[in-house]
Structures are given as C-alpha cells and as structure tokens.
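Owing to the predicted nature of the structure, the values given are computational and were not obtained by experimental measurement.
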Amino acid sequence: MKISADWLNKPSTRLVMERLVSRGYQAYFVGGCVRNTLLNIEATDIDIATSAHPKKVLEIMENAGLKALPTGIEHGTVTVVANKKNYEVTTLREDIETDGRRAKVKFSKSILEDAKRRDFSINAIYSEQDGTILDPLDGIADIAKKRIKFIGDPHARIKEDYLRILRFFRFLALFGRENETHEIEIATINDLRDGLDTISAERKSDEILKLFAAPNPQYSIFLMETADISSKIFDAYDYKSL
C-alpha cells in the first residue's frame, strides 16, 4: 500500500529524507502526517523517524546547508528547517523509564520498538520516502473502524505520559465514533486521573482547545464527565451548559 500527497513530494521534504537515506540510514514519515493522509485530511506537521543518532542528524543537515536545531536532542529530536518548513526528525527509540511527563530513552534501529512506545495505534503508522506504508501495529485497521486504541496496556501507556488522557479524548472527537463505550479506557482514566495534576495548565489547555475545535466534541466531553476528570481541567463549570 502506498500513500500520495503534496507534502510527500515537496522538494524540501525530499531533500531532508534523501540526506538521511543517502547516508545509509533508515528514514520514515510517521504520526499525524501519515494518519491524516490516510484519512484524506490535510497534514500540517511532518515528523520523521530515523535510525541516525541525533548528533549525526545535526551533522548531516548542517553539512547540507540546512538549519538544524537540537530542540529535544536528549530525547532524540532535531528540528530541521528546509525552505521555511520545520521537520521534526527523531531517532528511533525505546522509552526505558518514565515519570508521567518525561522519558529516559534508548536509541534503536527498530520501527517495531519505536511503534510500541507511541500512544495510539493510529499514530504508529510509518511511510517510506516513496509513500510505501509500514504498519507494524495494525493502525490502518483501527483507522478504518474509527477505533482510538492505546498501544498495549492503556494503564501503562497513560502512566508514561498523563497528557495521553486528554489526547485520547481529542482523538476520539476527531477520528472516533460515538457507539463505543470505551469501558476499559474510561475505567483506567478514572483510576489515573490524579496524574493530570502533574501536567501544566498550558499543555492541558492546548489539548482542550484542540478538542473543542473538533467537528464533534460532545461525546468526548460526555465521556470526560463519565471518567470524572472534569475537575482536573476546569476550575468550575456547568456540564450541561458546556
């Protein structure tokens, strides 16, 4: 299976990918750009996963005359600027220790291990430079069925990063369907809701505003109330009015 999109064929996109591939490294598009293209939605952010070490990514891009910023280099992420477009290039990795916000990582060369540390199956779909899809965790099937499914154990995924609670509701509002009760997810979120206290107001606000901008946020808001996390997000509010 292959995808086709304008962003995939942009000269700046091809330049960044070719610099990595030509040096013998694996390089794949991943995350929202692939997911949105499969859903026929415009892709805005372009994320690239590579087997190149972040310091090697900096070297390769700077030698190519491109601006490269070590925006999250301790976690493997370098922001490459090509033709005024930002590309987030992150080394394939495993999360070996987390505290609910940040992770200690181990760099890898396996897309399966990289996929397993992500949040939802629909965000763990990869594409090669020519658009060939690699789907190690069957995310495409979940896109087709409008399932928002945590990768592996929801309890473990949420404890790695408590912001994933809000990301679950946002993706449900964007890509999910209303006829699922999500009993396991809601019970898990209810059990771990105090973890939201560790997340900054800015990060929570960003997720909630994106949820409110979704075409159909009502069911997500209803499930947020069911999970009893509203008090972790809003100082005071009337659910029915909202």
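The two atoms that bring Glu18 and Gln129 nearest to each other are CG-NE2, 2.8 Å, heavy atoms only. A pairwise comparison of heavy atoms in Ala173 and Ala214 identifies CB-CB, 3.7 Å as the closest pair. Nearest approach of Ala68 to Met61, heavy atoms of both residues: CB-CB, 4.0 Å. Of all heavy-atom pairs between Gly131 and Leu8, the closest is CA-CD2, 3.7 Å.
In this structure, Tyr219 contributes its side chain and Glu180 its backbone to a donor-acceptor pair below 3.5 Å. A donor-acceptor pair under 3.5 Å links the side-chain atoms of Tyr87 to the main chain of Thr13, judged by distance alone. A donor-acceptor pair under 3.5 Å links the side-chain atoms of Arg193 to the main chain of Asn190, judged by distance alone. Looking at Thr50, its side chain does come within 3.5 Å of a backbone N or O of Gln26 through a donor-acceptor pair.
We find that Asp114 and Arg93 are not joined by a salt bridge, their nearest charged nitrogen and carboxylate oxygen being 4.0 Å or further apart.
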Next item on the list: Evaluate the side chain to side chain contact (heavy atoms under 4.5 Å, CB included) criterion for residues Val34 and Asn123: first the C-alpha distance (whole Å), next the side-chain angles of each, then the deciding distance (0.1 Å), finally the verdict.
Entry: CA-CA 8 Å; Val34 180; Asn123 293 333; over 6 Å; no
Notebook entry, point to check: Could you go step by step and tell me if Phe29 and Ile3 meet the side chain to side chain contact (heavy atoms under 4.5 Å, CB included) rule?
Noted result: CA-CA 11 Å; Phe29 301 108; Ile3 56 172; over 6 Å; no
Next item on the list: Start with the C-alpha distance between Phe168 and Ile148, add both sets of side-chain angles, then the distance that settles side chain to side chain contact (heavy atoms under 4.5 Å, CB included), and finish with yes or no.
Entry: CA-CA 7 Å; Phe168 171 78; Ile148 309 304; 3.9 Å; yes
Notebook entry, point to check: Given Lys232 and Asp194, is the salt bridge (charged side-chain N to carboxylate O under 4.0 Å, His left out) satisfied, shown in steps?
Noted result: CA-CA 8 Å; Lys232 302 293 183 181; Asp194 286 346; 2.8 Å; yes
Next item on the list: Test side chain to side chain contact (heavy atoms under 4.5 Å, CB included) on Phe175 and Arg147 and set out the steps.
Entry: CA-CA 8 Å; Phe175 310 122; Arg147 286 190 304 220; over 6 Å; no
Margin query: Test salt bridge (charged side-chain N to carboxylate O under 4.0 Å, His left out) on Lys2 and Asp130; report intermediate values, then the result.
Written below: CA-CA 8 Å; Lys2 283 189 175 183; Asp130 65 354; 3.4 Å; yes
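Scored by the salt bridge (charged side-chain N to carboxylate O under 4.0 Å, His left out) test, Asp45 finds no partners at all (sequence neighbours excluded). Taking Ser108 as the reference, nothing meets the side chain to side chain donor-acceptor pair (under 3.5 Å) condition, with sequence neighbours excluded. Partners of Glu128 according to the salt bridge (charged side-chain N to carboxylate O under 4.0 Å, His left out) rule, which considers only residues two or more places apart in sequence or in another chain, do not exist here. In this structure, Lys146 has no salt bridge (charged side-chain N to carboxylate O under 4.0 Å, His left out) partners at least two apart in sequence or on a different chain. For Ser121, the side chain to side chain donor-acceptor pair (under 3.5 Å) test picks out Asp142, with sequence neighbours left out. Partners of Thr188 under the side chain to side chain donor-acceptor pair (under 3.5 Å) rule, at least two apart in sequence or in another chain, do not exist in this structure. Residues passing the side chain to side chain contact (heavy atoms under 4.5 Å, CB included) test with Asn83 are Ser12, sequence neighbours excluded. For His53, the ring-ring contact (aromatic ring centres under 6.0 Å, His included) partners are Phe107, not counting sequence neighbours. Looking at residues two or more places apart in sequence or on another chain, you find no side chain to side chain donor-acceptor pair (under 3.5 Å) involving Thr91. Residues satisfying the salt bridge (charged side-chain N to carboxylate O under 4.0 Å, His left out) test with Lys204, not counting sequence neighbours, are none.
Partner of Glu113 under the salt bridge (Lys or Arg N to Asp or Glu O under 4.0 Å) criterion, chosen from Arg117, Lys109, Lys116: Lys116.
For Arg19, the CZ atom counts as loosely surrounded, since its 6.0 Å shell holds 12 or fewer non-hydrogen atoms of other residues, nucleotides or ligands. Open room surrounds CG on Asp6; 12 or fewer heavy atoms of other groups in view lie less than 6.0 Å from it. Summarising the local packing, CG of Leu69 is surrounded by more than 12 heavy atoms from other residues, nucleotides or ligands at distances under 6.0 Å. Crowding of Lys85 atom NZ: a count of heavy atoms from other residues, nucleotides or ligands under 6.0 Å exceeding 12. Heavy atoms of other residues, nucleotides or ligands lying less than 6.0 angstrom from CD of Glu59 number more than 12.
Side chain to side chain, Ser127 and Tyr28 fail the donor-acceptor criterion of an N or O pair below 3.5 Å. Between the side chains of Glu88 and Thr77, no donor-acceptor pair is found at a separation under 3.5 Å. Side-chain atoms of Thr37 and Trp7 include a donor-acceptor pair closer than 3.5 Å.
We find the OG-CD1 distance between Ser205 and Ile208 to be 8.0 Å, quoted to the nearest 0.5 Å. Note that the OH atom of Tyr162 and the OG1 atom of Thr198 stand 6.5 Å from one another [nearest 0.5 Å]. A distance of 5.5 Å separates CD1 of Ile133 from CD1 of Ile140, quoted to the nearest 0.5 Å. For the atom pair OG1 of Thr226 and CD of Glu183, the computed distance is 11.0 Å after rounding to the nearest 0.5 Å. Rounding to the nearest 0.5 Å places CG of Asn36 at 5.0 Å from CD1 of Ile41. With values rounded to the nearest 0.5 angstrom, Leu38 atom CG is found 8.5 Å from Asp135 atom CG.
Hydrophobic clustering, with ILVMFWY side chains joined whenever heavy atoms are under 4.5 angstrom apart, keeps Ile143 apart from Ile151. Both Ile48 and Leu66 are part of a single hydrophobic cluster, where members link through side-chain heavy atoms under 4.5 Å apart. Cluster annotation: Leu196 and Leu192 are assigned to the same hydrophobic cluster (Ile/Leu/Val/Met/Phe/Trp/Tyr, side-chain heavy-atom contacts under 4.5 Å, transitive). Val30 and Leu174 are assigned to two separate hydrophobic clusters, defined by single-linkage of ILVMFWY side chains at heavy-atom distances under 4.5 Å.
Residue pairs that meet the salt bridge (Lys or Arg N to Asp or Glu O under 4.0 Å) test with at least one member in residues 208-218, sequence neighbours left out, are Asp206-Lys210. For residues 113-146, the set of pairs meeting the ring-ring contact (aromatic ring centres under 6.0 Å, His included) definition, not counting sequence neighbours, comprises Phe120-Phe150, Phe120-Phe171.
No side-chain heavy atom of Leu211 sits less than 4.5 Å from a side-chain heavy atom of Leu166. Between Arg167 and Asp119, the closest side-chain pair of non-hydrogen atoms falls below 4.5 Å. Taking the side chain as every heavy atom from C-beta outward, Val80 and Leu58 never approach each other to under 4.5 Å. Under the 4.5 Å side-chain criterion, counting only non-hydrogen atoms from C-beta, Glu160 is in contact with Arg157.
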